[in-house]
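Within every chain, numbering begins at 1; the chains are lettered A, B, ... in the order of the sequence lines, protein sequences first and strands thereafter.
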Protein chains: 2
Amino acid sequence: MATIREVAKAAGVSVATVSRVLNETGYVHEDTRKAVNAAIEKLNYSPNEVARSLFKRKSKLIGLLLPDITNPFFPLLARGVEDEMRLHDFRIIFGNTDEDAEKEKDYIQTFQQNNVIGLISMTNNLSKSTYDDLSIPVVFLDRTSTSLPSVYADGMEGGRIAAKEIIKRGSKRITLIKGPSHLQTARDRFQGALEVLSSSDVNFYVMTTSSFSFNDAEKWAKDLFEKYGDTDGVIASNDIVATAVLHESLRSGRSIPEDIQIIGFDDIPHSALLFPPLSTIRQPAYEMGKEAARLLIKQINNKKEDEQNIQLPVTFIERSTTRKVDKNV
Amino acid sequence: MATIREVAKAAGVSVATVSRVLNETGYVHEDTRKAVNAAIEKLNYSPNEVARSLFKRKSKLIGLLLPDITNPFFPLLARGVEDEMRLHDFRIIFGNTDEDAEKEKDYIQTFQQNNVIGLISMTNNLSKSTYDDLSIPVVFLDRTSTSLPSVYADGMEGGRIAAKEIIKRGSKRITLIKGPSHLQTARDRFQGALEVLSSSDVNFYVMTTSSFSFNDAEKWAKDLFEKYGDTDGVIASNDIVATAVLHESLRSGRSIPEDIQIIGFDDIPHSALLFPPLSTIRQPAYEMGKEAARLLIKQINNKKEDEQNIQLPVTFIERSTTRKVDKNV
DNA sequence: TTGAAAGCGATACCAC
DNA sequence: GTGGTATCGCTTTCAA
């Protein structure tokens with residue numbers, strides 16, 4: 001790796017001048033600029049970002065914190081962040097927190113030691129104060145916040161849509177599965193659906209669950225059919241839970257969507273690959289990631305943003321676990 | 001962020017001494033060590049990794065290159081890498097290459113500008129020479145290599161197992177789907193299966209495909225059943241392709257595994273969530289990631305490794321797209 | 001328009 | 001045992 005010093009010598013100028021052409025700052029004569037560029041080319045030089053970072057006390061690195069990259073909801077978000085950041089020449093250091101506060105703090109700490117210039121966090125665990133004390137800009141993703149910038153989907157509306165669509169398609173005895181209550185996004189979905197269900201004339205049953213895990217969900221699904229065997233419509237707390245319900249329905253000989261309709265949340269890639277393909281309320285995960293990245297970049301550039309909290313719309317993805325609706329309705 | 005200078009002043013010693021206690025190098029009196037630690041505590045000091053990196057010309061960052069994190073095979077690998085690296089206090093910068101040589105080069109370049117101390121690459125695209133010229137250690141993951149260290153699963157054996165198991169379970173007219181031929185791992189699976197099929201007394205049909213994409217796979221699956229409608233067993237090139245075959249089987253009214261058996265490859269998390277759950281040849285992805293990380297760390301520490309190429313075993317995961325085998329067989 | 005030099009925050013050599 | 005200081009590679013005054 002060549003250094004700026006070597007380039008300077010090769011070009012017969014000082015390092016200051018090389019720095020100027022590198023950063024396009026200050027005056028530099030056209031001829032010397034050419035000479036410097038020639039030297040750069042010849043030596044195949046590219047600046048040491050570490051040295052830059054040390055001097056400027058900020059790097060081109062941003063930290064990305066997520067609960068678990070193997071959870072199928074997160075890769076799309078992460079990819080959105082990455083693609084947008086790449087456009088602006090930022091690189092990503094990431095950490096899986098497993099919703100463990102210690103890991104989270106630890107990562108934040110080491111990220112800062114590496115001069116990350118900003119942080120995007122998808123975790124729901126840590127007390128907000130930990131973030132408030134941070135000296136670098138933070139954006140929350142898939143998480144709401146009043147004090148800090150955030151990007152999330154309209155869960156409330158998602159819940160409403162899910163309930164409306166399943167009612168419109170004829171379910172009369174609906175099960176509403178309530179996700180983990182420590183997640184605001186899960187609570188929102190629930191509230192939205194509850195609102196519509198309450199003011200409609202269908203029967204419904206609320207089932208509380210404490211995780212999004214598939215194995216747990218399988219047990220709950222069994223439970224559900226035992227306790228409420230004649231349910232003919234399920235609004236699941238997310239696509240993984242919906243998948244478990246779908247399995248249990250099939251296993252118990254129900255036909256979908258004739259006997260029972262199922263709607264999930266998120267639209268993870270897996271959902272389209274089920275059989276029958278899952279109808280679901282889609283969160284625009286990739287776009288959310290991009291949006292979070294954009295917001296963070298604005299913070300970094302000190303652009304005051306009016307919209308510190310960006311809520312993205314959700315959409316109903318009609319696949320095969322819901323009935324076709326009469327065109328005239 | 002406090003600096004070493006401030007700590008030194010607070011403890012009434014020189015920066016050299018602080019550095020010694022930080023790194024546990026050289027002599028330092030017990031009392032002064034305590035004083036320094038007290039100051040560190042008081043100021044909540046943690047060393048600036050950027051400054052360290054600049055001086056030592058190596059960081060605690062490693063670069064991770066993968067084709068696409070939204071492809072469900074990669075998160076598990078990435079997680080394995082991350083978990084193992086975390087144990088050794090390394091952090092990860094990652095990049096999605098989309099198998100695009102330009103992106104790949106670009107990432108490698110910027111990784112180096114950030115003094116990454118090693119690189120793990122899961123891409124299959126770039127000419128090996130690009131890696132040979134690198135001054136930092138590299139480990140290939142899910143990719144074979146003769147000259148550079150690598151970690152991969154035993155695809156050949158996987159192919160053999162798949163063929164044996166499907167034959168053992170009674171398929172007589174087997175379809176073997178050959179994956180993208182530019183992937184060594186795909187070629188190996190194919191070869192292994194072909195070997196067993198050839199020397200057995202079943203009929204078989206080889207179908208060539210050029211990607212692992214689900215949408216393409218759906219078309220091929222339709223094709224398959226048109227051309228070879230009486231096939232009663234499919235060895236897919238991976239789980240995504242197997243999923244498409246499964247869909248098409250169900251859609252065409254075949255029952256699984258009675259009319260047709262299906263075996264996939266990889267055992268991505270999605271596969272267990274299908275209905276019926278997919279039988280597949282499992283690659284120990286998480287463990288492969290960990291192994292790659294360990295191997296890289298050994299390179300970094302200059303430990304000469306005899307085993308530069310680590311091949312991990314695959315296993316048959318028997319779920320419900322294959323028939324139960326007679327216990328006495 | 002250009003160069004000399006200070007300094008970013010650490011480490012490590014060399015004195016003492 | 002401890003401290004002074006050159007150094008890592010770059011940016012940015014300040015003078016010339």
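- When the P atom of D/dG3 is taken as reference, atom NZ of B/K9 falls 15 Å away, rounded to whole Å.
- Under the 6.0 Å distance and 45° angle rule, B/R86 counts as a cation-pi partner of A/Y107.
- Remark: the backbone N or O of B/N115 is paired with a side-chain donor or acceptor of B/S59 at under 3.5 angstrom.
- The only option from A/T123, A/N96, A/D98 that meets the side chain to side chain donor-acceptor pair (under 3.5 Å) definition with A/K103 turns out to be A/D98.
- For the pair A/E24 CD and C/dT1 P, the computed distance is 15 Å after rounding to whole Å.
- The side chain of A/R57 lies closest to C/dC8 when the candidates are C/dG3, D/dG9, C/dC8.
- In this structure, A/K58 places its NZ atom 18 Å from C1' of C/dG9, rounding to the nearest Å.
- The separation between B/N115 atom CG and D/dC8 atom P is 14 Å, rounded to whole Å.
- Applying the side chain to side chain donor-acceptor pair (under 3.5 Å) test between A/R79 and each of B/T70, B/N71, B/D68 identifies B/D68 as the sole match.
- Closest approach of B/P137 to B/Q299, counting heavy atoms only: CB-CB, 3.5 Å.
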| task | Do nucleotides 10-16 of chain D as a string where each nucleotide becomes B, S or -: B if the base has a protein heavy atom under 4.0 Å, S if just the sugar-phosphate does, - if no protein is that close. | result | SBB----
| said: Test side-chain hydrogen bond (donor to acceptor under 3.5 Å, both in side chains) on B/E41 and B/N37; report intermediate values, then the result. | reply: CA-CA 6 Å; B/E41 187 101 13; B/N37 281 326; over 6 Å; no
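- No contact: A/V50 has no heavy atom under 4.0 Å from any strand.
- The OG1 atom of A/T97 sits 11.5 Å away from atom CD1 of A/I69, with the distance rounded to the nearest 0.5 Å.
- Of the residues in residues 31-43 of chain A, none has a non-hydrogen atom less than 4.0 angstrom from any atom of DNA chain D.
- Between A/K290 and the choices A/L87, A/L295, A/V81, the side chain to side chain contact (heavy atoms under 4.5 Å, CB included) rule is met once, by A/L87.
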